[in-house]
Amino acid sequence: MTDLCFITTCRGRLAHLKDALPTFIAQPGAGTVVVDYDCPDGTADWIAANHPQVTVVRVHDKPLFEIARARNLGVQAANAQWLCFVDADNRLAPDFADRVRPLLKRGFFYRPSPRSIDASGMCICHVEDFRAIGGYDAVLQGYGEEDVDLYRRLDMLGVKLAPFPGELLQIAAHDVGLRTQNYTVKSVRLNAALNQLYCNVKLDIARLKGLSHIPEDRRARLYAQVSEGVLKAYAAGQDLTFRIAVAQQRTNLKTELTTALEYHLRLTALPQNAPQNAPQNAPQHAPQIAPQAAKAP
């Protein structure tokens, strides 16, 4: 077992990875895992031919990129105490590992400082803390929030955020279209808002019910409910009120007492760069659409 392992994923980003991967491999005493998530560029074969010391996870028959699931698969292949999640367009300074190692202490996870939205997914955490929270939420689809959700759950576990020097990281510039080319929803902001709503609902339900973990099949049903509500409301040019029942009790009046959560998501403020099937003339001030109250998982 090594003390540190770099984990990255690739789906259509081999050109960036060819530049970044050597900077991971060059870190002394560290391992590297690359997840080829059905990459059309032949990433796994290229790595096997050029960098055989890298552990490669091959994933087939995946029409869409799922970064949370891909990163979880990378962790399964890693053999290290500390996990460093990096993107395929991240370049590390030659002394990255040497300067970061002295900072690493149990009870903390680490992100670059100053923070950059382009490096929001980069973090270092202990493998036991990662496993304790169940890793990334693999039901999340499309762009955004899988990293924030991980950080929130680490904090709920009592693992506190600490910084490492941001100058140890360089990020390659690329077109924003690369972020969504393998996702169903083509709007970064819409997909991130959808995922944020789901994560908030999920964590609120867990707190109210005293749950440390919600099984994946139940989370998948919740995500489908949230996704349907958000995308229907956006396509209709309306804001969303999402209600979900979390508990029901019988009262002395022989009636039902329902505890429900309600969320209001403004969608009409989004620019018209969302999915192609969304209306291009959506009103800027539209009524809210309220789906029938769903039942919590």
Side-chain angles (χ1 to χ4, degrees), residues 64 66-69 72 132-157 183-270 274-275 277-279 282-283 285-297:
L64 300 174
E66 300 168 299
I67 188 170
R69 193 175 300 278
N72 287 345
I133 63 169
Y136 288 94
D137 187 341
V139 310
L140 283 163
Q141 298 293 311
Y143 179 86
E145 287 298 306
E146 79 288 335
D147 45 8
V148 176
D149 176 66
L150 183 85
Y151 307 150
R152 290 174 69 182
R153 289 184 288 117
L154 284 169
D155 183 73
M156 290 167 62
L157 185 66
Y183 298 146
T184 299
V185 178
K186 300 303 182 184
S187 166
V188 166
R189 293 176 63 186
L190 177 61
N191 209 147
L194 186 165
N195 287 351
Q196 182 179 2
L197 174 58
Y198 158 76
C199 290
N200 284 354
V201 176
K202 172 191 68 174
L203 294 179
D204 287 344
I205 290 171
R207 279 191 290 263
L208 283 172
K209 292 193 170 187
L211 302 174
S212 60
H213 180 70
I214 299 175
E216 184 171 336
D217 61 333
R218 296 183 181 180
R219 285 184 280 118
R221 290 197 296 271
L222 176 62
Y223 189 85
Q225 293 169 351
V226 172
S227 180
E228 179 182 18
V230 170
L231 297 181
K232 279 187 175 180
Y234 184 86
Q238 299 175 332
D239 293 329
L240 172 69
T241 296
F242 184 84
R243 300 186 186 96
I244 186 162
V246 294
Q248 285 189 330
Q249 296 173 305
R250 294 291 292 178
T251 71
N252 291 333
L253 299 174
K254 296 183 179 180
T255 57
E256 289 186 346
L257 173 63
T258 300
T259 302
L261 297 170
E262 182 172 289
Y263 303 82
H264 302 275
L265 177 61
R266 188 180 179 192
L267 294 168
T268 51
L270 284 174
N277 59 351
H285 300 284
Q288 294 178 342
I289 183 170
Q292 185 176 358
K295 186 176 181 181

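Worth knowing before you read on, the calculation uses all heavy atoms, side chains too, and leaves out hydrogens, waters and symmetry mates. As the structure is a prediction and not an experimental result, all values here were calculated from the model.
Looking at every heavy atom in both residues, Gln196 comes nearest to Glu145 through N-CG, 3.5 Å. Among all heavy-atom pairs drawn from Gly229 and Leu240, the shortest one is O-CD1, 3.7 Å. The heavy-atom pair separating Ala138 from Glu216 by the smallest distance is CB-OE2, 4.3 Å. Of all non-hydrogen atoms in Asp239 and Leu267, the two that sit nearest each other are OD1-N, 2.7 Å.
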- [ ] With side chain to side chain contact (heavy atoms under 4.5 Å, CB included) as the test, would you mind laying out the steps for Leu222 and Arg218 before giving the verdict?
- [x] CA-CA 6 Å; Leu222 176 62; Arg218 296 183 181 180; over 6 Å; no

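Of the inter-residue distances, the one linking Leu211 atom CG with His213 atom NE2 reads 10.0 Å to the nearest 0.5 angstrom. Separation of atoms OG1 (Thr184) and CG (Asn191) is listed at 8.5 Å; rounding is to 0.5 Å. For the atom pair CD1 (Ile133) and CG (Leu154), the distance works out to 3.5 Å, reported to the nearest 0.5 Å. Atoms CG and OH, on Asp149 and Tyr136 in that order, are 10.0 Å from each other to the nearest 0.5 Å.
In this view, Glu262 and Arg243 satisfy the salt bridge (charged side-chain N to carboxylate O under 4.0 Å, His left out) rule, not counting sequence neighbours.
Contact of the Phe242 side chain with the Val226 side chain is registered, since non-hydrogen atoms from C-beta on lie closer than 4.5 Å. Counting heavy atoms from C-beta outward, Asn72 and Glu66 have side chains that stay 4.5 Å or more apart. Here the side chains of Met156 and Leu203 are in contact, with some heavy-atom distance below 4.5 Å.
Ring orientation note: the planes of Tyr223 and Tyr198 are nearly perpendicular, at an angle over 60° on the 30°/60° scale.
Under a 3.5 Å cut-off, the side chain of Arg153 and the backbone N or O of Gly135 do form a donor-acceptor pair. Panel note: side chain Arg219, backbone Ile214; a donor-acceptor pair is recorded below 3.5 Å. Judged purely by atom type and a 3.5 angstrom limit, Asn195 uses its side chain to pair as donor or acceptor with the backbone of Gln141.
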Compile the donor-acceptor pairs under 3.5 Å between side chains in residues 252-261 and protein atoms, sequence neighbours left out, one pair per line.
unit_1, atom_1, unit_2, atom_2, d
Thr255, OG1, Thr251, OG1, 2.8
Thr258, OG1, Gln248, NE2, 3.4

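With Cys199 as the fixed residue, the side-chain contact (heavy atoms from CB on, under 4.5 Å) test singles out one of Leu140, Asp137, Asp204, Leu194: Leu140.
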